[in-house]
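Comments concern the structure below.
Any value given below was found using the heavy atoms of this structure, including those in side chains, with hydrogens, waters and symmetry copies removed. Letters A, B, ... are given to chains in the order of the sequence lines, protein chains preceding strands, and every chain is numbered from 1.
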2 protein chains.
Amino acid sequence: MAMARRGTGRDGRPTLEQVAARAGVGRGTVSRVINGSPRVSDRTRTAVEQAIADLGYVPHRAARALAANRSDAIALVVPEAETRLFAEPFFSGILRGVSAELADTDIQLLLTLIRTPKERTRFAQYAASHRVDGVLLVSVHGDDPLPDQLADMGLPVVMTGRRSADEPVPHVDCDNVGGAQLAVEHLLGRGRSRVATITGPADMYVARCRLDGYQEALRAAGREPAVELVGRGDFTEESGHAAMRELVARRPDLDAVFCASDLMAIGARRALRELGRSVPDDVALVGFDDSALARHLDPPLTSVRQPMEGMGRAMTRALLAEISDGGTDRPRLVLPTELVRRSSS
Amino acid sequence: MAMARRGTGRDGRPTLEQVAARAGVGRGTVSRVINGSPRVSDRTRTAVEQAIADLGYVPHRAARALAANRSDAIALVVPEAETRLFAEPFFSGILRGVSAELADTDIQLLLTLIRTPKERTRFAQYAASHRVDGVLLVSVHGDDPLPDQLADMGLPVVMTGRRSADEPVPHVDCDNVGGAQLAVEHLLGRGRSRVATITGPADMYVARCRLDGYQEALRAAGREPAVELVGRGDFTEESGHAAMRELVARRPDLDAVFCASDLMAIGARRALRELGRSVPDDVALVGFDDSALARHLDPPLTSVRQPMEGMGRAMTRALLAEISDGGTDRPRLVLPTELVRRSSS
DNA sequence: ATCACAACTGGGAGCGCTCCCACGCTCCTG
DNA sequence: CAGGAGCGTGGGAGCGCTCCCAGTTGTGAT
């Protein structure tokens, strides 16, 4: 036997039912008002809105999720390493963008830090079981299967960066090639003629792009890129330090270095100091990321800025669009980068 | 009339009902197994577990939340300014700690960046309407009513830092007084005798604590703190720069400065360079936070490290405890700080 | 063998919402 | 003036779970 209708929900908060009673309408009508359906007369709508205000009614998320079969939540998945290495501005910039874009929707942001491959696997299962309506993926590596797994499960996904030139999964990237070109053109424009580079891991597409930009800029200026001017790093400071020493040993006459990350530029700067070369007089230095560190290096580091907050916003918009239209246009966005000139070059 | 039971849930995923059917038991029994109730025989439990594995069953969050009247989610609320100013290591450190502590629970982390006072108000309402089981609050200011609002609504809350010495809301803080003492003792131990400090805003409890530590350390060493050795800052680089210039003008003979944040130490360092004073020979410098910037300053900055990740973990544990036991012991934890010695002192 | 009691188990009821069907009404059309 | 065609509306059914109350079975004491 059905229990008598109570005056409030289990926890004392009003339910749809009470709002309906107070407004003198049916449950369905209140639901329609809340969800912005046009099939409600103005009179009724006003009355319902009044009742909602009077009661301080707020829809119950779980009930709504259960009935409507959606969660009104999206997940932002970040490898834990990101929060250390590129903490500023990469991760927090993305986060601000995502959060800003979500601010006037009713959608929750679920943050998932992934430490291990095992957690990565577990995440796919979790995501599938109706925890989220879509997933934002940050810093995906070249061989990462997660984006495809999620996409195959029919879950909307948007990621930052690409795994390759023909990335099938919707994504938002910044113009790494163009940014590197800007940097190298700048160095050439300052009269430097033996411009070296320190690259990231060859298996990361982003690193290849920055190398491509470096080479293209040189060719555009009528110079053939020299192999011995390319140092290999892995985006860490230590690798930048080592690569810089090798470069100088190989080409003592180099007069500029474009580093594919600020952290590597910091390592390179240390190496140059050890070798008694001044920056920017002997060697001009440019980094990539425009991190907080760049601003505070001695001398302040010229760097390529990625529009992190813009990328966060763009990803989120793309994901929300995919969620609502069922993934018809699979966006691929590339946002412009910008050179921030400081005294290291 | 009830519809015939279907073979799977609406979205093709198995439901409790199917697991029960496959294991040849009732719905209630499967629920008991999933929730770890002891009132299930081993035979049955094994059979159910097998069925769960066979079907790849994962409980439906929303359904569970609705039926059990809990959300299995907690919110981490961060003022947006935090993600800029103290991005590293403060925010990401806390985040890693929280995330680590949550890793082997089934609890989701909801991240809420708060930009404006209006959003702050809105959050209270959201939190109340069964979106979360508890709230983690970061960087609360002295006059912030949000912690009390949430606590008054009966929502478990734990925050980092305190608003005052007798903070009523459960919290996890680091030993700011002790950290400042460490720093000053260290400076005195290196033979410095005219130790100045640059403080944070007087209305922030954390700033007062660091000032107290500075003064106590001096007194413990038998010296009376001098008013003209105290510079006022607001945790920003610019304020550190200005305060440093004033201090030197007031007391040209000072030989050490303890800054209540790394950012202010960076500003101070710049001022000292402009004034032609070397670090550490003329003036020894110590910061607070041990940010990434400290490591890369020239010279590398001695700084007080807060156990950010540990604080994140501690907060989370405290919150989970409060959620499960209904808030009986209202924890107040103070974690130790540590001095990281580098060449600036 | 009988009874009390514990240990398990099944399934009804219900969480608060959305979806959708059916039911008045009003207003045209022919 | 009958027959649609819409509009706006009410409310039943059901989302997948947990809770809890009745069984049902098994055990040991009498």
Would you mind reading off the distance between [X] atom [atom1] and [N] atom [atom2], rounded to a whole angstrom?
| X | N | atom1 | atom2 | answer |
| --- | --- | --- | --- | --- |
| A/D106 | C/dC17 | CG | P | 13 Å |
| B/Y57 | D/dG16 | OH | C1' | 7 Å |
| B/L16 | D/dC15 | CG | P | 13 Å |
| B/R10 | C/dC20 | CZ | P | 11 Å |
| B/E17 | D/dC17 | CD | P | 9 Å |
| A/R70 | C/dC17 | CZ | P | 13 Å |
| A/D72 | C/dC17 | CG | C1' | 12 Å |
| B/N35 | C/dC8 | CG | P | 17 Å |

Non-neighbouring partners of A/R162 that pass salt bridge (Lys or Arg N to Asp or Glu O under 4.0 Å), sequence neighbours left out: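 Once residues adjacent in sequence are excluded, the partners of A/R162 under the salt bridge (Lys or Arg N to Asp or Glu O under 4.0 Å) criterion are A/D173.
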With DNA chain C as reference, determine whether B/L66 or A/I34 sits nearer its 5' end, using the nearest nucleotide of each.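 Here B/L66 is the residue nearer the 5' end.
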Let me confirm one number: the OG-CZ distance from A/S139 to A/F91, rounded to the nearest 0.5 Å. 10.0 Å
To the nearest 0.5 Å, atom CD of A/Q18 lies from atom CZ of A/R13 at 11.5 Å
Please tabulate the protein-to-nucleotide N/O contacts below 3.5 Å involving nucleotides 8-10 of chain D, giving atom names and distances.
residue : atom : partner : partner atom : Å
D/dT9   : OP1  : A/S41   : OG           : 3.0
D/dT9   : OP1  : A/T44   : OG1          : 2.2
D/dT9   : OP2  : A/S41   : N            : 3.0
D/dG10  : OP2  : A/G26   : N            : 2.7
D/dG10  : OP2  : A/T29   : OG1          : 2.7
D/dG10  : N7   : A/R32   : NH2          : 3.3
D/dG10  : O6   : A/R32   : NH2          : 2.9

Partner residues of B/D166 under the side chain to side chain donor-acceptor pair (under 3.5 Å) criterion, sequence neighbours left out: B/S164
Mind checking what makes side chain to side chain donor-acceptor pair (under 3.5 Å) contact with B/E101, not counting sequence neighbours?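 B/E101 satisfies side chain to side chain donor-acceptor pair (under 3.5 Å) with B/R313, B/R317 once adjacent residues are dropped.
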Hydrogens and angles aside, do [X] and [Y] bring a side-chain donor and acceptor to less than 3.5 Å of each other?
| X | Y | value |
| --- | --- | --- |
| A/S71 | B/R61 | no |
| A/R115 | B/S99 | yes |
| A/E49 | A/T46 | no |

Taking five pairs at each end, how big is the angle between the two axes of the helix from C/dA1-D/dT30 to C/dG30-D/dC1, to 10°?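 Comparing the axis at each end, I get an angle of 50°.
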Would you give me the side-chain donor-acceptor pairs under 3.5 Å for residues 33-40 of chain B, sequence neighbours excluded?
residue : atom : partner : partner atom : Å
B/N35   : ND2  : B/S31   : O            : 2.8
B/N35   : ND2  : B/S31   : OG           : 3.4
B/S37   : OG   : B/R39   : N            : 3.1

Considering only heavy side-chain atoms of B/S31, the closest of D/dC17, C/dT18, D/dT18 is D/dT18
Can you find a side chain N or O atom of B/N69 that sits less than 4.0 Å from OP1 or OP2 on D/dT18?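 False: B/N69 side-chain N/O out of range (4.0 Å or more) of D/dT18 OP1/OP2.
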